[in-house]
Amino acid sequence: MARRTNRFQFTNKRHSRLGALSLVMGIISLVSLLFCILYAYILAGEIPRIMVMAGVLSVILGCVAFFESIRSRRDPDVFMTLPNVALVVSAIASLLWILIYIRGLIIMLTN
């Protein structure tokens with residue numbers, strides 16, 4: 001039986017820098033979400049306005065990461081691992097942030 005000599009296939013693909021950046025932004029948004037939830041739990045819901053502003057900025061960061069990961073998936077000749085992971089992480093972070101703010105608005109409007 002002949003041994004196969006060409007086991008490796010070389011490509012011109014590279015890792016997407018935009019995908020890596022959007023992954024980092026998505027992770028920052030997710031970590032800040034967990035930190036804000038923990039901080040609000042410790043203070044029994046009485047959080048300072050600076051934490052609310054940090055939450056709003058984190059929502060914006062998560063949404064930017066989501067759209068940048070979509071944009072990085074359109075790049076030709078890149079490995080899709082980083083953009084796909086960034087898309088999932090930023091989508092989860094943005095969705096959770098938006099649901100928390102919608103729930104807070106509903107609670108505020110019904111009281």
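Throughout, numbering of the chain's residues begins at 1 and tracks the sequence. No experiment lies behind these values; they were computed from the predicted model shown. When reading the values below, keep in mind they use all heavy atoms of this one structure, side chains included, and skip hydrogens, waters and symmetry mates.
- Side-chain contact between Ile92 and Val89 is absent, with no heavy atoms from C-beta onward closer than 4.5 Å.
- Rounding to the nearest 0.5 Å gives a distance of 4.0 Å between CD1 of Ile27 and CG of Leu23.
- A 4.5 Å side-chain heavy-atom check between Ser16 and Leu21 finds every atom pair outside the cut-off.
- Note: Met80 CE to Asp75 CG = 7.5 Å, rounded to the nearest 0.5 Å.
- For CG of Leu38, the number of neighbouring non-hydrogen atoms (other residues, nucleotides, ligands) closer than 6.0 Å is greater than 12.
- Using a 4.5 Å cut-off on side-chain heavy atoms (C-beta onward), Val64 and Glu68 make contact.
- The CG atom of Leu34 lies 8.5 Å from the CG atom of Leu96; values are rounded to the nearest 0.5 Å.
- Minimum interatomic distance between Gly19 and Ala86 (heavy atoms only, all atoms of both residues): O-CB, 3.7 Å.
- In this structure, Ser94 contributes its side chain and Ala91 its backbone to no donor-acceptor pair below 3.5 Å.
- Annotation for Ser29 and Ala93: closest pair OG-CB, 3.7 Å, computed over non-hydrogen atoms.
- Residue Met51 is grouped with residue Ile100 when hydrophobic side chains (ILVMFWY) are merged at heavy-atom distances under 4.5 angstrom, including chains of intermediate members.
- Linking ILVMFWY side-chain heavy atoms closer than 4.5 Å, directly or via other members, places Met25 and Leu33 in a single hydrophobic cluster.
- Taking CD1 of Ile106 as the start and CG of Leu109 as the end, the distance is 8.0 Å to the nearest 0.5 Å.
- Under the 4.5 Å side-chain contact rule for hydrophobic residues, Val59 and Tyr39 share a cluster.
- In terms of heavy-atom proximity, Ser69 sits nearest to Pro83 at CB-O, 3.8 Å.
- A donor-acceptor pair shorter than 3.5 Å can be found between the side chains of Ser58 and Ser32.
- Hydrophobic clustering places Leu82 together with Ile28 (ILVMFWY residues linked when any side-chain heavy atoms are closer than 4.5 Å, directly or through intermediates).
- Linking ILVMFWY residues whenever their side-chain heavy atoms come closer than 4.5 Å, directly or via other members, leaves Leu95 and Val85 in distinct clusters.
- Contact check for Arg14 versus Asp77: no side-chain heavy atoms found under the 4.5 Å cut-off.
- A 4.5 Å side-chain heavy-atom check between Val56 and Tyr101 finds at least one atom pair inside the cut-off.
- Side-chain contact check for Cys36 versus Trp97: some heavy-atom pair is nearer than 4.5 Å.
- In Phe67, the CZ atom is not crowded: 12 or fewer heavy atoms of neighbouring residues, nucleotides or ligands sit closer than 6.0 Å.
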